[in-house]
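Only one structure is covered here, and it is reproduced in the block below.
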2 protein chains.
Amino acid sequence: IVSFIDVTKTYETQEGPVHAVENITLDVKSGEYLAIVGPSGSGKTTLLNLAGSLDHPSSGTVLFRGQNLAELSRREMAALRRQEIGFVFQTWNLVKGLSALDNIRLPMAFARIPKQEQITRARKLLELVDLADREDHPPDQLSGGQQQRVAIARAIANKPRVLLADEPTGNLDEETAQTIINLLRQLNQTENVTVLCATHDLALASVADRSVQIVEGRLQQDG
Amino acid sequence: IVSFIDVTKTYETQEGPVHAVENITLDVKSGEYLAIVGPSGSGKTTLLNLAGSLDHPSSGTVLFRGQNLAELSRREMAALRRQEIGFVFQTWNLVKGLSALDNIRLPMAFARIPKQEQITRARKLLELVDLADREDHPPDQLSGGQQQRVAIARAIANKPRVLLADEPTGNLDEETAQTIINLLRQLNQTENVTVLCATHDLALASVADRSVQIVEGRLQQDG
Ligand SMILES: Nc1ncnc2c1ncn2[C@@H]1O[C@H](COP(=O)(O)OP(=O)(O)OP(=O)(O)O)[C@@H](O)[C@H]1O
Ligand SMILES: Nc1ncnc2c1ncn2[C@@H]1O[C@H](COP(=O)(O)OP(=O)(O)OP(=O)(O)O)[C@@H](O)[C@H]1O
Ligand SMILES: [Mg+2]
Ligand SMILES: [Mg+2]
């Protein structure tokens, strides 16, 4: 469902070029749960950004359901991000002024889901991430791990076809992380959500169907 | 060196009071390496904020080297934070416009360290956290784990007497995390830095002299 064809991303900086990812060729099958594992700075976030079209390759092609992401119109791109792709950011990126509930409702509002349905679903999601009692609290009244969980709930609000999760358990204790691990596995197994998960958490990587290793921007030969 | 005497912190919110920590009594000895472990939302960050005087208790007393933090003048408080306490934030809080090097130099500039010495020390610290080749890059050109490491380097720049570290390895792979674990342990053992570390990383907690568990704002009886 997501394909990287000889993808390279190089950032041009004042200090010279930074080769974030190099010659990545990778096929993610529909319904697959793929973990991307690798050291700090190795290119995991970059890979996810390219998959979700938050960034464009310097060379090579990224396909989403057979379509070249770089050739989509703005409108098609927006529709894709609104309905087909969910993104859990490494730095959560919640909207500061909004409550947890409204943060989770936001993507549903963009997808023109009726208001009552938004609220019902957002509450169900808050329960799934164990934050039902904090729905009215904005991010600055939540702990790091609580914000991370709101970000996860928001990413799956529109039942995306593909979930791109960047370090979704980085700020969670073992038990809370297990809740999230089970949630992601269930989404993958019962709702056929394709999960692309960048992580350092070996427990999280271990429930994946497959994991690939990235080192200094290059995929390791590993199947 | 840091003492909590029956400390409670309650946040008043529109949704009612949130009991972040309750009746905390805890003594941190000078030169000790103490890990604070507990579930997401249990009060770890709050505890560290109170220890570093970034927040004040609703009731009870926090002592730093025998002094009641709430009774210090603004000036004394600023001196304390500038020279005696180093803080690694859960969300890093780097200055966006500054390079990694300048972010690390910042506390030294406030402590009126001579410029050349600032640069030399900042470079040494970048090397300790394995980022020597990224000194001129600002935070938005660095990965999550790279930013976290810059935050760690910045926190120890002034050789603080007490290091308050909030989830310092949350965004690091095992190997890079081990570098940080060794660094913190060495600071503690050879330079006598008191380390108060909130973490979910059991590898990090295991190198502590002692660990305390916090659940829903209360310390568990545990030694
Ligand atoms: N400014 C605030 N206003 C209201 N509630 C707050 C505020 N800051 C923290 N809280 C609440 O206090 C409790 C403790 O928060 P704290 O950030 O200390 O938890 P934590 O143990 O660090 O969690 P995590 O492991 O997720 O980072 C949580 O329920 C949190 O939502
Ligand atoms: N906007 C940018 N400009 C310049 N360099 C960048 C930019 N974004 C990322 N990089 C660099 O590209 C490389 C890969 O970054 P990326 O964020 O993908 O790593 P990562 O594997 O997610 O790391 P971490 O595990 O620390 O989050 C790193 O060396 C990083 O510093
Ligand atoms: Mg990353
Ligand atoms: Mg915290």
Side-chain angles (χ1 to χ4, degrees), chain A residues 11-16 18 20 37-46 49 89-92 99-101 129-131 133-149 166-167 169-180 198-202 205 213-215 217, chain B residues 11-16 18 20 37-46 49 89-92 99-101 129-131 133-149 166-167 169-180 198-202 205 213-215 217:
Chain A
Y11 290 106
E12 295 299 335
T13 74
Q14 273 197 327
E15 296 72 42
V18 178
V37 183
S40 173
S42 58
K44 302 180 293 300
T45 294
T46 302
N49 286 345
F89 296 94
Q90 189 166 6
T91 52
W92 323 320
S99 67
L101 190 85
V129 298
D130 217 10
L131 284 173
D133 59 341
R134 304 307 296 273
E135 72 170 49
D136 294 318
H137 291 254
D140 64 5
Q141 289 178 13
L142 297 174
S143 76
Q146 289 169 339
Q147 293 181 52
Q148 185 160 40
R149 285 182 270 156
D166 201 350
E167 309 282 359
T169 57
N171 281 275
L172 303 177
D173 55 285
E174 226 174 271
E175 198 172 325
T176 315
Q178 196 57 50
T179 307
I180 298 306
T199 186
H200 299 127
D201 182 349
L202 302 176
Q213 300 212 22
I214 184 168
V215 178
Chain B
Y11 290 105
E12 295 299 336
T13 74
Q14 274 197 325
E15 297 72 40
V18 177
V37 182
S40 172
S42 58
K44 301 179 295 299
T45 294
T46 301
N49 287 345
F89 296 94
Q90 190 167 5
T91 51
W92 322 320
S99 67
L101 189 86
V129 298
D130 216 10
L131 284 173
D133 59 340
R134 305 307 296 275
E135 71 170 49
D136 294 317
H137 292 254
D140 64 6
Q141 289 178 14
L142 298 174
S143 76
Q146 289 169 339
Q147 293 181 53
Q148 186 160 39
R149 286 181 269 157
D166 201 350
E167 309 282 359
T169 58
N171 281 274
L172 303 177
D173 55 286
E174 226 174 87
E175 198 172 323
T176 314
Q178 195 58 49
T179 307
I180 298 306
T199 186
H200 299 125
D201 183 348
L202 302 177
Q213 299 211 23
I214 184 167
V215 178

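Here is the naming used below: chain letters follow the sequence lines, and residue numbers restart at 1 for every chain.
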No-hydrogen, no-angle side-chain donor-acceptor test under 3.5 Å, B:Asp136 and B:Ser99
no
Heavy-atom distance under 4.5 Å to chain B: side chain of [X], backbone, both or neither?
X: A:Ser143; answer: side chain
X: A:Glu167; answer: side chain
X: A:Val37; answer: neither

Between [options], which has the largest tally of heavy atom pairs under 4.5 Å with chain A?
options: B:Arg149, B:Gln147, B:Glu175, B:Glu174; value: B:Arg149
options: B:Asn171, B:Thr46, B:Leu142; value: B:Asn171
options: B:Thr45, B:Leu131, B:Asp130, B:Leu172; value: B:Leu172

If you round to the nearest 0.5 Å, how far is OG1 of A:Thr169 from CG of A:Asp201?
3.5 Å
Which answer fits B:Thr176, side chain, backbone, both or neither, if we ask what part of it has an atom under 4.5 Å from a heavy atom of chain A?
side chain
Tell me, side chain or backbone of B:Leu202 under 4.5 Å from chain A's heavy atoms, or both, or neither?
side chain
Verify the neighbour count for atom [atom1] of [X]: are there more than 12 heavy atoms of other residues, nucleotides or ligands below 6.0 Å?
X: A:Glu12; atom1: CD; answer: yes
X: A:Glu15; atom1: CD; answer: yes
X: A:Gln141; atom1: CD; answer: yes

Counting only N and O atoms by type, is there a donor-acceptor contact under 3.5 Å from the side chain of A:Lys44 to the main-chain atoms of A:His200?
no
Specify which of A:Gln146, A:His137, A:Gln148 makes the most heavy-atom pairs with chain B at under 4.5 Å.
A:His137
Stepwise side chain to side chain donor-acceptor pair (under 3.5 Å) check, B:Asp173 with A:Ser40:
CA-CA 6 Å; B:Asp173 55 286; A:Ser40 173; 5.0 Å; no
